[in-house]
Amino acid sequence: MNTHTTSITSRTAGLLGEVLRPGDAGYDQARALWNGAVDRRPAFIVRCRSTREVAAAVRFAADNGLLLAVKGGGHSIPGWSVCEGGLVIDLSPMKAVHVDAQRLIATAEPGLLLQEYDAATQAHGLASPGGEISHTGVAGLTLGGGLGWLSRKHGLACDNLIEAEVVLADGAIVVANERDNAELFWALRGGGGNFGVVTRFSFRLHPVAPMYAGFVMYPAAQAPEVLAHYEQLTRSAPDELSLMTALVSAPPAPFVPPALHFQPVIGIAACYVGPVEEGQQVLQGVRSFGQPAVDTFGVQPYTAIQQWFDAGVPHGLHYHCRSEWLDPLDSDALDALAQAAADRTSPLSQVLVRHMGGATSRVDPTATAFRFRSVRHILTVAAAWEPGDERAEVHRQWCRDAWNRLRRGRRAAAT
Ligand SMILES: Cc1cc2nc3c(=O)[nH]c(=O)nc-3n(C[C@H](O)[C@H](O)[C@H](O)COP(=O)(O)OP(=O)(O)OC[C@H]3O[C@@H](n4cnc5c(N)ncnc54)[C@H](O)[C@@H]3O)c2cc1C
């Protein structure tokens, strides 16, 4: 904490909401992020319950020259939602959600996690696109774009944003939509959290019934063939078919044969956002490849699909992640993916590839701040390790090396 910050920590006039300072009960919990490697100590954490309290916190930070960070679901991987010194606006108490099932619109406050938002919308048989891990925040995910199981059919989370209420840097409260504050509305859809504090989101909803969905898993030795199969499936995938492949360690789950527990595996996960009978037919193409050691396919509610992989990326581990758009996914890229997984230095680390396209690619790239509309796949290389692991730098380096190799291949392919 710098001297300037120290001199104002005793003055909180103008701040509304619950204010936490170092040493207060709940302070450490409120500053913790999903990524346990991020350890920052703000001077103030203001747990806001309303737009008015957010506006007061923004003005307080501006008046006192304080660095300001905004925390929604706390899943910023580099930790942008908590600052060292300065003031954190913690939006987690703001969790109201209202579903208008007639007009197909959901109004959501920015402290909601996907699992809370999905539960409220699915109670009406409706949903709007989110991500694949249900403990991620609706706010940060939407502001960054937001890609998940429903995206090839219904677009990114930000493509379904109809309106947002925003507290600007001077504390003014505005509404942004296609008509009012249209430039701000453009920036909020994929531009990240840099344009103000969003205190209310309105999303377009879609009917989403239980779907045919699941995943298959194979020992990692079969990675080259399974990756090639994944790539082949994506070539002819209809918009309803959502696919990803993951190179991970098998969990000790009841559906995994004991011999594979904790062993390196490759999986293909898929769901069909459409009629179950159609899904059964289309997904036969996924299930019939080779002899999967695990096959979980069946009819599943969207809320269950959204939570499949939650336990694989728990809060508090230390993470170092890199992402890249992959296009094309040619044989060099497939080799590099298999090699990256084989070289993992921690059994908790993961290599993931998700298929994009479909509705996400049919939005004009200039219509929103999210401009990566023509990309076919997104890669995530995620290094993960237990707190206190002395090989932390080795794990980080694995992540950087794998990512660099995959990026080099991509550049070479593009020239
Ligand atoms: C385990 C995991 C799984 C993920 N899976 C997916 C996925 O499937 N699809 C996908 O698209 N992305 C995914 N992501 C990326 C994720 O969408 C981003 O990390 C997102 O920013 C997290 O949002 P949050 O609200 O949880 O995080 P936070 O850390 O709270 O916020 C992230 C950023 O948004 C800003 N912000 C948060 N709330 C507001 C607000 N109300 N107004 C203005 N700015 C705000 C913060 O200041 C910060 O810069 C995943 C991330 C993790 C860690």
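Count residues from 1 along the sequence. Please read these numbers as outputs of a predicted model, since none were measured by experiment. Read the numbers this way: they start at 1 and go in the same order the structure lists the ligands and their atoms.
The shortest contact between atom 24 (P) of ligand 1 and any protein heavy atom is with Gly73 N, 3.5 Å. Atom 38 (N) of ligand 1 has as its closest protein heavy atom Ala139 CB, 3.4 Å. Scanning the protein heavy atoms around atom 7 (C) of ligand 1, the nearest turns out to be Leu147 O, 3.5 Å. With hydrogens left out, the protein atom closest to atom 29 (O) of ligand 1 is Ser81 OG, 2.5 Å, a heavy atom. Summary of contacts: the protein heavy atom closest to atom 34 (O) of ligand 1 is Gly140 CA, 3.7 Å. Here the protein heavy atom with the shortest distance to atom 22 (C) of ligand 1 is His75 CB, 3.7 Å. For atom 4 (C) of ligand 1, the nearest non-hydrogen atom of the protein is Thr136 OG1, 4.0 Å. In this structure, atom 8 (O) of ligand 1 lies nearest to the protein heavy atom Glu132 N, 2.8 Å.
Between the side chains of His395 and Asp389, at least one donor-acceptor pair of N or O atoms lies under 3.5 Å. The closest side-chain donor-acceptor pair between Asp335 and Gln339, if any, does not fall under 3.5 angstrom. At a cut-off of 3.5 Å, with distance as the only test, no side-chain donor of Thr121 or Tyr302 sits close to an acceptor on the other residue. Side-chain contact of Thr366 with Arg373: a donor-acceptor pair under 3.5 Å is absent, judged by distance alone.
Counting heavy atoms under 4.0 Å from ligand 1, residue Leu156 does not touch it at all.
Residue contact check: Trp80 has heavy atoms under 4.0 Å from atoms 49 (O) of ligand 1. In the vicinity of Val197, heavy-atom distances shorter than 4.0 Å reach the ligand 1 atoms 42 (N), 43 (C). Heavy-atom contacts of Gly146 reach the following atoms of ligand 1: 11 (O) (cutoff under 4.0 Å). Atom numbering of ligand 1 starts at 1 in the shown order; those under 4.0 Å from a heavy atom of Pro110 are 41 (N).
Between Trp34 and ligand 1, not a single N/O pair is under 3.5 Å apart. Of the N or O atoms in Val70, one or more lie within a sub-3.5 Å distance of an N or O in ligand 1. Between Val198 and ligand 1, an N or O atom pair is found at a separation short of 3.5 Å. By the 3.5 Å distance cut-off applied to N or O atoms, Ile77 is not counted among the residues near ligand 1.
Residues Trp403 and Trp398 place their aromatic rings such that the two centres sit no closer than 6.0 Å. For His135 and His75, the ring centers are positioned less than 6.0 Å apart. Ring-centre distance between Phe215 and Phe297: not below the 6.0 Å cut-off.
Within the set Leu143, Val167, Ile133, Leu352, the minimum heavy-atom distance to atom 3 (C) of ligand 1 is found for Ile133. With distances taken over non-hydrogen atoms, the option nearest atom 17 (O) of ligand 1 out of Leu141, Val313, Thr199 is Leu141. Comparing Gly72, Gly130, Ala164 against atom 37 (C) of ligand 1, the shortest heavy-atom distance belongs to Gly72.
For the ligand labelled ligand 1, residue Gly196 lies inside the 4.0 Å heavy-atom shell. In this structure, Gly144 does not count as a contact residue of ligand 1, since none of its heavy atoms falls inside 4.0 Å of the ligand. Residue contact annotation: Ala69 has no non-hydrogen atom under 4.0 Å from ligand 1.
Seen from the ring of Phe289, Arg287 does not count as a face-on cation partner, given the 6.0 Å and 45° thresholds.
Within a 4.0 Å radius of atom 14 (N) of ligand 1, the protein contributes no heavy atom.
Heavy atoms only, all atoms of each residue included: Ala382 and Cys321 are closest at CB-SG, 3.8 Å. A pairwise comparison of heavy atoms in Tyr230 and His355 identifies OH-N, 3.1 Å as the closest pair.
Taking 4.0 Å as the cut-off between side-chain N and carboxylate O, Glu109 and Arg200 do not count as a salt-bridged pair.
In this structure a side-chain-to-backbone donor-acceptor pair under 3.5 Å is missing from Tyr319 to Ser349.
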Open item on the list: Evaluate Leu87 against Ile89 for side-chain contact (heavy atoms from CB on, under 4.5 Å), listing each step before the verdict.
Closed with: CA-CA 7 Å; Leu87 183 149; Ile89 293 178; 3.7 Å; yes
